[in-house]
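Okay, so here's the structure we're looking at.
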Amino acid sequence: MMTFAMLGFVLSVREGRWVLFHASLLVACLCLSASVTAAFLAPSLSSIYKKSSSLHALSSSSANEGFVQVSRPDGSEHKLSYRVVRPMNLSSKQAAPIVALHGGPSVPSNYLYPLEDAVQYRSIVFYDQLGCGKSDQPTDITQYSIEDSVEDLKVLLKKLGVRKFHLYGQSYGGILAFEYMKSVTTSSSNDDAECLSAILSSAPTNVAQIEGEFVRLLDELKKTHSKDDGEELTDEELEELFRTNHQCRMPEMPPQLKEAYANAGTVWRGTDAIKDYGATPPEEGASRMPSSLIMRGEYDFVSEECIEPWKSNMIKLLRRTKESQTATHSESIMLAKKLLQHEHADWQTGDRRSAISNIIVTLLG
C-alpha cells in the first residue's frame with residue numbers, strides 16, 4: 001500500500017461535516033521526503049516544513065498571478081484566481097505543464113504549492129476553484145456544481161493558452177480530474193486541451209461509500225481508545241485521534257495546510273456539497289481516456305474498496321491495467337515511465353521504500 005504522508009482534511013465531529021482532503025497528499029510533500037517509511041513520514045516532512053514559515057519561501061521560481069472570468073447559465077460572472085509557476089515554460093513542447101486540482105471542495109491550492117520545488121523545470125498551474133482562496137465566493141449555492149467546475153477548468157486552460165498538460169487531482173480534485181477527462185472523451189469540440197496523463201490521489205469514486213468508511217474508522221477508534229477512568233473521548237480528542245491515525249500523521253499540522261484551511265470556503269464545502277456523487281464511466285463511443293495513476297495512502301480512510309471502482313469506470317477505455325501493492329523503488333519508476341509514454345493503463349501502485357519525488361519527477365519528466 002502507499003505509505004505517503006497523511007496530510008489531513010477538515011474534520012468537525014460536532015457538525016458532522018468534513019472535507020475530502022487527506023492521505024497520500026503527494027505533490028504537497030513529494031519533493032520534501034527522501035524516502036517513504038512503512039509507518040510514519042513525519043520526521044522527514046517536518047524537517048522540510050520547518051525550513052520556512054511561509055509558503056512562498058519554499059521556492060524562488062518566477063510566477064504569474066491573475067484572474068480569469070467564468071460564467072454560469074443564469075448569466076452571472078465570477079473571477080477565479082490562478083498562479084502559474086515558470087510561465088515561460090507554459091508552452092514547452094518538451095515538458096508539458098502540470099495542472100493541479102485541489103481538494104475540498106473549497107480548500108484552496110496553498111497546500112499544493114510545494115509541487116513547484118518537486119518539478120523544477122516545468123510550468124505548473126494552480127488555481128483556486130470557485131468559492132475559496134482568492135477566487136470569488138458567491139453565496140448562492142446554485143453557482144456551484146461539479147459540472148460547472150469542469151467548465152471552469154476548460155475556460156482557465158483556454159485563457160492561459162494551454163494545449164497539452166498533465167493533470168493532478170488530490171481528493172475531490174481527483175473527482176474533478178476524472179469528470180474533466182470524461183467530458184473531453186465525449187466532446188465534439190476541437191478546442192479542448194489535451195490531457196496527456198493523470199494522477200488521482202486519494203480520490204473516492206463514491207461519496208456515500210467514503211462517508212461510511214469514515215464512520216467505520218471512527219467507531220474503531222472509539223472502541224480501541226478510551227481514557228484511564230473509562231470516560232469517553234471528547235469530540236476534540238476524537239478529532240485529534242482521527243487526524244493522527246488517518247489524516248496527518250505528524251505531531252503538528254504543517255503551516256501550509258493551516259494556511260489553506262484559513263482561506264477555505266464556507267458555502268460549497270465538504271462531502272455535503274457532493275453527497276450524491278458516484279463516478280460513472282463515459283458513454284459508449286467515447287474516445288480513449290489518458291493514462292492514469294490511481295493511488296491512496298496506506299493509512300488513508302479512502303480504502304482500497306473506495307478506489308477499486310475507478311477500474312470499472314476507466315477499464316473499457318484502457319488497453320490494460322497493472323496493479324502493485326508492494327512495488328520496489330525501481331519498479332515504481334518503471335511504471336511511471338510507462339505512464340509518461342502514454343501507454344493506456346490504470347495503475348494502482350504502492351511502494352514502502354520508494355522516494356515519492358522520484359516517482360513523480362520521472363512520471364512527468
Side-chain angles (χ1 to χ4, degrees), residues 10 15-21 65-84 99-110 125-163 165 167 169-193 195 203-208 211 260-283 286 313:
V10 172
E15 298 175 3
R17 186 170 90 170
W18 43 283
V19 175
L20 289 173
F21 170 54
E65 297 185 354
F67 293 89
V68 59
Q69 186 168 284
V70 297
S71 61
R72 292 293 180 264
D74 64 2
S76 59
E77 297 181 339
H78 310 289
K79 290 182 178 180
L80 301 185
S81 171
Y82 66 82
R83 182 171 186 264
V84 180
V99 177
L101 306 180
H102 65 71
S106 295
V107 177
S109 293
N110 307 63
V125 178
F126 304 99
Y127 75 101
D128 294 338
Q129 298 157 28
L130 189 68
C132 66
K134 297 179 181 179
S135 295
D136 286 348
Q137 301 186 32
T139 57
D140 182 358
I141 195 66
T142 64
Q143 301 300 295
Y144 302 88
S145 71
I146 294 176
E147 293 75 17
D148 286 330
S149 296
V150 168
E151 294 305 312
D152 290 348
L153 175 55
K154 292 181 179 181
V155 170
L156 175 69
L157 295 172
K158 187 173 183 180
K159 164 72 174 180
L160 297 178
V162 175
R163 297 306 303 164
F165 65 99
L167 189 57
Q170 195 277 322
S171 189
Y172 164 70
I175 291 176
L176 180 55
F178 172 76
E179 292 301 324
Y180 171 84
M181 292 188 292
K182 187 172 75 170
S183 172
V184 172
T185 64
T186 58
S187 174
S188 59
S189 173
N190 294 323
D191 293 335
D192 292 324
C195 179
T205 57
N206 187 287
V207 172
E211 287 184 326
Y261 293 154
N263 292 281
T266 59
V267 179
W268 196 66
R269 181 174 177 180
T271 53
D272 282 348
I274 54 173
K275 60 184 179 181
D276 296 325
Y277 178 79
T280 58
E283 61 189 38
N313 282 286

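Here the structure is a predicted model, which is why all the values come from computation and not from measurement. Numbers for residues simply follow the sequence, beginning at 1.
Separating the CD1 atom in I146 from the OG atom in S183 is a distance of 12.5 Å, to the nearest 0.5 Å. Interatomic distance, Q137 CD to H78 NE2, rounded to the nearest 0.5 Å: 11.5 Å. In this structure, CG in L153 is found 12.5 Å from CG in D148, a value given to the nearest 0.5 Å.
For the pair R83/K134, no side-chain contact is recorded, criterion being any heavy-atom separation below 4.5 Å from C-beta on. Counting only heavy atoms from C-beta outward, the side chains of L130 and L80 approach each other to under 4.5 Å. L157 is listed as a side-chain neighbour of Y180, based on a closest heavy-atom distance under 4.5 Å. For the pair Q170/L176, no side-chain contact is recorded, criterion being any heavy-atom separation below 4.5 Å from C-beta on. Side chains of V125 and L156 form a contact here, defined as non-hydrogen atoms less than 4.5 Å apart.
S149 and Q129 share no donor-acceptor pair across their side chains, judged by distance under 3.5 Å alone.
Atom NZ of K154 has more than 12 neighbouring heavy atoms from other residues, nucleotides or ligands inside a 6.0 Å radius.
In this structure a side-chain-to-backbone donor-acceptor pair under 3.5 Å is missing from D128 to P108. The backbone N or O of S81 sits less than 3.5 Å from a side-chain atom of S135, completing a donor-acceptor pair. Here the side chain of R163 pairs no donor or acceptor atom with the backbone of K158 at under 3.5 angstrom.
For Y144, the ring-ring contact (aromatic ring centres under 6.0 Å, His included) partners at least two apart in sequence or on another chain are W268. Annotation: side-chain hydrogen bond (donor to acceptor under 3.5 Å, both in side chains) contacts of D74 (sequence neighbours excluded): S76, Q143. D136 pairs by the salt bridge (Lys or Arg N to Asp or Glu O under 4.0 Å) definition with nothing, not counting sequence neighbours.
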Go through the steps to decide whether T271 and E211 satisfy the test side-chain hydrogen bond (donor to acceptor under 3.5 Å, both in side chains), and finish with yes or no. CA-CA 8 Å; T271 53; E211 287 184 326; 3.0 Å; yes

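Closest approach of S109 and H102 over heavy atoms only: OG-CD2, 3.3 Å.
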